[in-house]
Amino acid sequence: MMAFNLGSLSPATLMAVTKKGGESKGGLKVVGGARYGEFPSFLPKEVEKIKDPFARSLAQRIQRLPVKPGFPEHFIMSSCVQPLMQSEESNPVVLLHCFDSSCLEWCRVYPLLEDAGLEAWAIDVLGWGFSDLEKLPPCNAVSKRHHLYQLWKSHIKRPMILVGPSLGSSVAIDFTANYPEAVEKLVLINPSVYEEGTGNLAKLPKVIAYAAVSLLKTLPLRFYANVLAFNNISLSRGLDWTNVGRLHCHMPWWEDATVNFMVSGGYNVISQINQVKQKTLVICGENDKIVSKKLTLRLYWELLNATLRVVPDSGHLPHVEKPKCVAKLIADFAQGHII
């Protein structure tokens with residue numbers, strides 16, 4: 001446990017002790033750490049439209065860390081929310097995100113994990129989020145996995161509790177099967193793991209693929225996705241969360257990265273599930289309309305060492321709808337109170 005409870009500090013204090021963009025990592029500078037009330041300059045200007053105070057607060061803490069991915073490029077400045085302090089006494093909790101999303105979806109759970117004394121990282125998966133991808137690397141599943149490993153190896157450096165919601169569960173299983181030494185435990189939330197990649201989308205001509213991705217960015221489609229994802233959401237909150245969920249789509253490289261992922265075939269982790277030996281907590285939203293309970297139960301039974309918990313009155317995004325419940329489940333699991 002940390003020596004003191006960072007999560008209890010006021011937002012102003014938190015921002016005061018967050019690193020500014022001057023720390024050197026191997027000759028490169030960490031980018032971000034904006035002053036309290038300001039957003040990092042690399043975020044799209046549309047961040048100003050977001051009203052949710054938790055999303056605005058977490059956005060102000062996003063930084064870019066140098067990661068050497070092993071591609072022809074030397075470094076990728078990779079976006080994440082970094083803990084204010086690292087502790088050698090406990091395993092870090094690393095939060096991935098859903099398909100085509102960003103670390104901002106953890107805006108309500110992240111401060112609660114800090115309140116619980118956990119070292120928490122919210123990571124943007126390569127090709128999504130707010131990294132600097134002006135020189136676009138491959139954004140297929142192998143590249144995403146390797147990038148996460150290099151970020152872990154360079155900055156986190158200890159076995160982690162890896163948390164993946166929806167498609168993020170596929171990212172987590174793929175990573176764990178390939179780098180088991182990096183993962184202490186797994187948390188999978190409404191896991192989408194039985195899709196066999198992107199299917200026929202991988203065969204689309206590029207011009208049609210770009211048209212499909214352009215549609216994916218639109219406000220009406222994103223709003224409709226939120227209607228499906230949430231158990232119950234008001235019009236005003238639905239519109240605001242749509243702005244949160246599509247903020248990364250305004251990054252200049254987003255369309256290219258998303259098409260690259262689509263035509264690569266995406267994730268197919270079905271054969272890797274039985275390779276996961278780590279203790280795993282499976283969290284299921286009671287009213288999920290996107291991933292069926294049948295598939296969640298199938299995963300629970302196929303994993304070698306799993307525990308299942310259901311979050312009542314929640315849909316596909318319980319970490320957004322019921323953050324206190326999800327944060328407590330993650331904290332209890334990380335601290336050994338759920339076996």
For the pair [X] and [Y], find out whether any cationic side-chain nitrogen is under 4.0 Å from an anionic carboxylate oxygen.
| X | Y | answer |
| --- | --- | --- |
| Glu46 | Lys217 | no |
| Asp240 | Lys51 | no |
| Asp100 | Arg222 | yes |
| Arg158 | Glu119 | yes |

### Query
Is Phe223 reachable from Leu247 through a run of hydrophobic residues whose side-chain heavy atoms are each under 4.5 Å from the next?
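Looking at the clustering, Phe223 is in a separate group from Leu247.
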### Message
Taking Leu188 as the starting point, is it possible to reach Leu308 by hopping between hydrophobic residues whose side chains are less than 4.5 Å apart?
### Response
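In one cluster with Leu308: Leu188, yes.
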Take a 6.0 Å sphere around [atom1] of [X] and say whether it holds more than 12 heavy atoms from other residues, nucleotides or ligands.
| X | atom1 | answer |
| --- | --- | --- |
| Gln275 | CD | yes |
| Lys289 | NZ | yes |
| Glu195 | CD | no |
| Lys293 | NZ | yes |

### Query
What about the rings of Trp106 and His319, do their centers lie closer together than 6.0 Å?
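Distance test on ring centres: under 6.0 Å, yes.
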### Message
Could you check, using the six-membered ring where one of them is a Trp, whether Phe175 and Trp152 have ring centers closer than 6.0 angstrom?
### Response
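No, they do not, as the ring centres are separated by 6.0 Å or more.
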### Query
If you measure from CG on Asp52 to CG on Asn243, what distance do you get to the nearest 0.5 Å?
11.0 Å
### Message
To the nearest 0.5 Å, what is the distance between SG on Cys249 and CG on Leu219?
### Response
11.0 Å
### Task
Quickly, which of Leu133, Asp132, Leu151, Leu65 forms a side-chain contact (heavy atoms from CB on, under 4.5 Å) with Ile76? Name it, please.
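Single side-chain contact (heavy atoms from CB on, under 4.5 Å) partner of Ile76 among Leu133, Asp132, Leu151, Leu65: Leu133.
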### Task
Apply the side-chain contact (heavy atoms from CB on, under 4.5 Å) test between Cys139 and each candidate in Thr258, Val125, Asn260, Val263; give the one that qualifies.
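It is Asn260, the one option of Thr258, Val125, Asn260, Val263 that forms the side-chain contact (heavy atoms from CB on, under 4.5 Å) with Cys139.
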### Query
Between Asn226 and Thr242, is any side-chain donor less than 3.5 angstrom from a side-chain acceptor?
yes
### Query
For His146 and Asn178, does a side-chain donor sit closer than 3.5 Å to a side-chain acceptor?
no
#### Entry: Phe261 and Phe99 aromatic ring geometry - parallel, tilted or perpendicular at 30°/60° bounds
tilted
Are [X] and [Y] close enough that some pair of their side-chain heavy atoms sits under 4.5 Å apart?
| X | Y | value |
| --- | --- | --- |
| Gln63 | Pro40 | no |
| Tyr210 | Lys206 | yes |
| Asp313 | Glu286 | yes |
| Ile123 | Cys80 | yes |
| Phe42 | Ile62 | yes |

